[in-house]
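Below you'll find the structure, written out as C-alpha cells, and then a few comments.
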Number of protein chains: 2
Amino acid sequence: MSLCVEPAIMKKKLNKKNSIQDLAAALQLSPATISRVLNNHPHVHEATRTKVMTMVEQVGYKRNVMASGLRTNKTNTIGLIVPRISMFLHTEVITTIQNGLHTHGYNLIICQSNDSLEIEKDLAQTMYASRVDAVIVACTLFTSDFSHFDVLTQNNIPVLFYDRVPVKPYPACVIKGDDFRGAYLATSHLIELGSKRIAYISGPIGCNIYIDRYAGFERAMQQHDMPVQKDLVFYHELTVDNARKSLHRLFARKPYPDAILAANDLTALTALAFAKEIGIAVPQELRIVGYSNDPRSSIVTPSITTVEQFPGRIGQVIVAELLRVLKNDMQSVAIDAPPIITPVELIRRMST
Amino acid sequence: MSLCVEPAIMKKKLNKKNSIQDLAAALQLSPATISRVLNNHPHVHEATRTKVMTMVEQVGYKRNVMASGLRTNKTNTIGLIVPRISMFLHTEVITTIQNGLHTHGYNLIICQSNDSLEIEKDLAQTMYASRVDAVIVACTLFTSDFSHFDVLTQNNIPVLFYDRVPVKPYPACVIKGDDFRGAYLATSHLIELGSKRIAYISGPIGCNIYIDRYAGFERAMQQHDMPVQKDLVFYHELTVDNARKSLHRLFARKPYPDAILAANDLTALTALAFAKEIGIAVPQELRIVGYSNDPRSSIVTPSITTVEQFPGRIGQVIVAELLRVLKNDMQSVAIDAPPIITPVELIRRMST
DNA sequence: TATTTTTACGAAAACGTTTCAGTAAATAAA
DNA sequence: TTTATTTACTGAAACGTTTTCGTAAAAATA
C-alpha cells in the first residue's frame, strides 16, 4: 500500500515548478520584472536584480526555452545536415561549429542525410518544424535541385551551405573549399615529378566539388601540354567497390598509369591496397594522391600525399558567417552573394 | 525609394502564417478540431478529417513544436553528450541512434564534452534548459561524481548512460560493452601465442571501461599462472604523447616486452609506429593488440588485432531502451536496475 | 512648491498548441 | 414518443515566457 503512494509523492516533490511566476510570487514581484532581470533589461533596480538573481541561483531556475521560443520566435538552435558525420571533413567541421556555437548560447541539431536526396528533403521539413534559427547544409552527392530548402528560406530561416553547395544561384550563404586549386596543385605535383600517364578517379560530376576538382586537374594538364585521356578518367560515387572496379579497368592491360589522382582519400587508400595486391611499387611505379587529409592517409605505408582542407578553419568561417547572418536578420540571403572560398594546401608524403 | 519598401512587402508575403487558427478560420472549424485531426484523435468525422488534411497539404502546414511542446511538455528531442564525436565508437553509435530516433519522430541534439568535466556539467544544464525528453551520455574519463545529472533525473528527464557509465549506483539506464571479456579474450590470445612479457597500456583507472578491461587482463594472466608485472602496466589518458612516453619506458632497457595490450586502437597504432621506428618486427618480436576495431587498425601494415565492440548494435540497444523508457514514463529509473551488457569479439589480424 | 522627467515596476495580452468541459445533433434504446 | 447514448464538434483555459502600455514613485528641473 505504502509503496503505491510513494511514486506520487516523489513526483510531486521532484516536480518543483520553477517558473518565472513562482519566482515572482516568492519575491513579491511581477513576472515582468523577473523576466527583465533574466534578460538584462535596463531600468531595473540593482537591489531587486540581485535579489532575483540569488533566488534564481537558489532554486536552480532555468528558462523554459519552449515558452520563450514561442513568444520570441527564436529557439537558439541551429540545424545541421551533413551526408555522414563519419566523413573526416564533417567530423572536424562539426566539432568546431559545435564549440563555437555553444559559446554563443546556441545548440546544434545534427542530422545525416546518408547521401540520400529523399532523407535530405525530409530533414529540411523537420528543421522547419523545429523552427531552428538557421540551417547549415552540406548537400548529398545528388542534390542538383534545391527547392526543398525553400520552406526554410521562404520562412526567414537562413540557410548556409558548405563543401557541397548549390551550383545554381540560391538565396543562401555559400562556403566552399578551393577545390579547383587543390586538384590543380595535386596534378601539377604529379606532373613535376615526371608522371606521364595520370589517371583521375572522380566523384559523380554534378556535385560542385567534383566539377571544380576536375577543372583543376584539367587546367594543370593543359598547362603542361598533357592531353587528358578519357580512358584514364572515371566518374562514380567514391566507394571502395567502385574504386576497385575502376582500378581493375586501369590495370587490365598495359601501359599502366604511372600516377593516380583520387578525388578523396578513401579512393587513394583503396588504390594503395590494390597496388600492393598486384605487386606494383608505390611510389616507384605508381604515384598516388588523395584529397582531404583523412588521418588514415598518414598512417598507411607509404603515407599518402593528399590535399589538406583545414576543416577547423572551415568551421570557424561557418560560425562567423552564421552569427553575422543571425545578427543582421535576413540581410545576407541575397541570391547573388559571392561564395566564400577557404584555402587548401598540398601535403606531400611518401606515395609520391 | 521603391527599393526601400520591397523588403517589407517580401517579408509580409513570405511570412504566411500557417497556424492551426488560420486553418480553422479557412475551413470554418475550431482549432480544437484541427488539432484532433493532426493528432489522430478519435471522434472526428471522416469527411472533415480529409478536408483538413488536404488543406494542411495545400498550405504546407507544419506544427509549431514550441507551442505544442509548451503545452504538452514534450519536445520530441533527445540530448546526447559524448566525449568526442570523432571517436570511432561514438561516430558509429551516433549514426545508429540518429537514424533510429528519426524514424520515431525524434530529433537529436549532439554535444561534445571534449572529455572535460566542466563542459559536461555545463551541457547537463543546457539539456535541462532545452527540456529534452531524455539524455544519452557517454561520460568523460574523469566523471566519478554524477550529481550534475541530478537536475535531469530529478525533473523526470530520463538519463541513459553507455560505454563510459557510472561506477556507483545511479538512477539511470546503463548500457555497456563487455570490457572485461574483451580484455580477457585479447590477453588469452596473446598468452596462447606464447607471449611471456605482456605489457598493458591502460586508460586512467577510475573510468569503468578501464577498470573492467584491467580486470579482464588480470584474470587471463592469473588463469595462466602469469604474474602481472607492475612495471609493464601503465595508466594514463590514451593520447599519442602519453603512449610514446610509456613506450620509451618499456623499451629503455631489455628485456623488452614481447607483447603489448593497448586499451584503445590509437595506442596500438602508436605502438606499431614506435616499433617500426626502433626496428622491432611486429609480430615476430612484438605482438600488438588494440581495442575498438577502429578502421585505421585494419589498414596499417601489419594490420592490428583488436576487439570489436559492434557499435551499431550498441546504438540499436540504446534506441530500444530509450523508446521503452519514454513509453513507460519514468518507470525504469530504478536505481538498482542491472546494466545491459553488449557483446564483444576478438578480431585476429597480422599484428599477432 | 509645482512641474517635468526619469526610473522601477505591474497588468495584461500575445505566441500556437492541446485538452477539459460542454453542447448540439444524430443514433440507439426504452 | 421519450429517454439515454454516442458522435462531432466548439469554447475557453492553460502551458511559461516576453513585451507593450501604463502608472506610481523618485529625481530633477523650474
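Every chain is numbered from 1 and lettered A, B, ... according to where its sequence line falls, protein lines coming before strand lines. FYI, side chains are in, hydrogens and waters are out, and symmetry mates aren't considered; it's all heavy atoms of this structure.
Distance from the side chain of A:I20 is smallest to D:dT17 among D:dC15, D:dT17, C:dT18. Listed nucleotides: C:dT17, D:dT17, C:dG16. Nearest to the side chain of B:L70: C:dG16. Picking from D:dT20, C:dT18, C:dT17 the nucleotide with the shortest atom distance to the side chain of B:S19 gives C:dT17. Checked against C:dC9, D:dC9, C:dG16, the side chain of A:H45 finds its nearest nucleotide in C:dC9.
Ring geometry for A:F146 against A:F161 counts as perpendicular: the plane angle is over 60°, on a 0 to 90° scale with 30° as the lower cut.
Residue B:S35 is in base contact, counting any heavy-atom pair closer than 4.0 Å across all strands shown. B:E46 comes within 4.0 angstrom of nothing in the nucleic acid, heavy atoms only. Contacts of A:N39 with the nucleic acid, taken as non-hydrogen atoms under 4.0 Å apart, involve only primed sugar atoms and P, OP1 or OP2. In this structure, B:L29 reaches the sugar-phosphate backbone alone: every heavy-atom distance under 4.0 Å involves primed, P, OP1 or OP2 atoms, never a base.
With a 6.0 Å cutoff to the six-membered ring centre and a 45° limit on the axis angle, A:R63 does not count as a cation-pi contact of A:Y61.
A straight line from CG of B:L38 to P of C:dT18 spans 7 Å, rounded to a whole angstrom. Rounded to whole angstrom, the span from the CG atom of A:L23 across to the P atom of D:dT17 amounts to 8 Å. The nearest whole Å value for the distance from the NE2 atom in B:H41 to the C1' atom in C:dT18 is 8 Å. When rounded to the nearest whole Å, the span between CG of A:N64 and C1' of D:dA14 equals 13 Å. One interatomic measurement links the two molecules: CG of B:N73 to P of D:dT17, which rounds to 11 Å at whole-angstrom precision. A straight line from NZ of B:K51 to C1' of D:dC9 spans 11 Å, rounded to a whole angstrom. Counting to the nearest Å, the P atom of C:dG10 and the CD atom of A:Q21 are 13 Å from each other. For B:R131 and D:dC15, the CZ to C1' distance is 12 Å, given to the nearest whole Å.
The distance from the CD1 atom of A:I34 to the CD atom of A:Q21 is 10.0 Å, given to the nearest 0.5 Å. For the atom pair NZ (B:K176) and CD1 (B:I340), the distance works out to 12.0 Å, reported to the nearest 0.5 Å. To the nearest 0.5 Å, atoms CD1 (B:I119) and CD (B:Q112) are separated by 9.5 Å.
OP1 or OP2 of D:dT10 lies within a sub-4.0 Å distance of a side-chain N or O belonging to B:S30. Dashed line: the shortest gap from a side-chain N or O of B:T48 to OP1 or OP2 of D:dC9 is under 4.0 Å. Contact annotation: B:T33 side-chain N/O to D:dC9 OP1/OP2 distance is not under 4.0 Å.
Taking the nucleotide of DNA chain D with the nearest heavy atom to each of A:T72 and B:A67, the more 5' of the two is matched to B:A67.
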Apply ring-ring contact (aromatic ring centres under 6.0 Å, His included) to residues A:H90 and A:Y162 and explain how you reach the verdict.
CA-CA 10 Å; A:H90 298 303; A:Y162 82 93; 5.5 Å; yes

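Residue A:R36 places a side-chain atom within donor-acceptor reach of the base of C:dG10, judged by atom type and a 3.5 Å distance cut-off alone.
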